Q: 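Here you go, one structure.
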Amino acid sequence: MNAKVNITNRAGASFPVRRMQFDFNNVPEYWMDGSAGLTHFMTALSALFPAGEKFFIDSVRAVRQHPAIKDNEALQKEISGFIGQEAMHTHEHANFNASAQKFGHDVDCLEQYTHTAIQSFRKSAAFMGKPFGITQQMIDLIGTTALEHFTATIASELLRNEHIQALMTDETMKTMWLWHAVEENEHKAVAYDVFENVFGKGVKAYVARTGGLALAMVVLFLVQSYFVARLLKEDNQLNIESLKDIYTYGYSPSKGIISGMGKEMLAYFKPGFHPNDLDTVSLLEHWKAKLGF
Ligand SMILES: [Fe+2]
Ligand SMILES: [Fe+2]
């Protein structure tokens, strides 16, 4: 493996925290098979992670001492593991984002934009929810639970989609994305379990979490697409070839990573849904063995 890895499980969760140390110095500019379109598509996702995953950590931390879960020893261990994994993802993505800066791709600015967008969105949502008894903590947890479903789903799709894997021609970047994908599936139930324990399984909780997912997906699509367009434009690569690559491997029915997510994304709308209903156990075993975890 082309990264230093230190695996610990001090929290005693059902999954470990892998401290990775990737060296991004030799990652080529267009590391997705030489395609500017696909590289910027992935970089736009990466730009969302530092502020996004910090938001997930903060949201779960804010309710950690809630009476409904304070003494739930097993869930507390899972929360610690979740925080540990997300903190490592933030760290490595921030390092990659900083390394892309040397090619003139201003990912730093997109990270700042993500932070501002999250903060203004969560505060406005809490303001609008106040008359209905919806608190800031609930808004944050609804958003986190929805976005964790998205990350787990895009991650399992990445672990299955051989077209995308074949395009990841740079070993460092491939390992980073696959490591992140494995861990998103290992901890996919944590935010959901916290949400359910704190806010219950009633009609109000159902409407909140499904409405939250629908809204989060619209915002995420708009922000990520804006980031891609901006990276491409600043790089003078906003052309048919780039857009064709993004369509083929992002959105086309046969090869697209986003279009492949449809069924699993919709499962979230089933009353009584739980993230572990989507079985990724053997998929994770396969990849953990392959990555030497
Ligand atoms: Fe993550
Ligand atoms: Fe996550």
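Just follow the structure's listing: the first ligand is 1, and inside any ligand the first atom is 1. Not measured: the values here are computed from a predicted model.
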Q: Fit a plane to each ring of Y226 and Y113, take the angle between them on a 0 to 90° scale, and name the class: parallel (under 30°), tilted (30 to 60°) or perpendicular (over 60°).
A: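 Rings of Y226 and Y113: tilted, 30 to 60°.
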Q: Restricting to N, O or S atoms of E148, which is nearest to the Fe ion (ligand 2)?
A: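 So the atom name we want here is OE2.
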Q: Is the Fe ion (ligand 2) less than 2.8 Å from at least one N/O/S atom of H89?
A: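 It does not; every qualifying atom lies at 2.8 Å or beyond.
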Q: Rounded to the nearest 10 degrees, what's the angle OE1 of E86 makes with OE2 of E184 at the Fe ion (ligand 1)? Could you check?
A: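 Roughly 100°, rounded to 10°.
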Q: Has R209 got its NZ or CZ under 6.0 Å from the middle of the six-membered ring of Y268, at an angle within 45 degrees of the ring axis?
A: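 The answer is yes, since R209 meets both limits relative to Y268.
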Q: At a threshold of 2.8 Å, where the distance has to be below it, does the Fe ion (ligand 2) have an N, O or S atom of E53 nearby?
A: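 Short answer: no, not a single N, O or S atom is under the cut-off.
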Q: So, are E92 and R19 salt-bridged, with charged N and O less than 4.0 Å apart?
A: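 No, E92 and R19 are not salt-bridged.
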Q: For the Fe ion (ligand 2), does an N/O/S atom of E183 lie at less than 2.8 Å?
A: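 Here the distance criterion (N, O or S atom, under 2.8 Å) is not met by E183, so no.
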Q: What about H149 and F273, are their ring centers closer than 6.0 Å?
A: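 Between H149 and F273, the centre distance is under 6.0 Å.
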Q: Is the distance between the ring centroids of Y251 and Y247 under 6.0 Å?
A: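 No: the rings miss the under 6.0 Å criterion.
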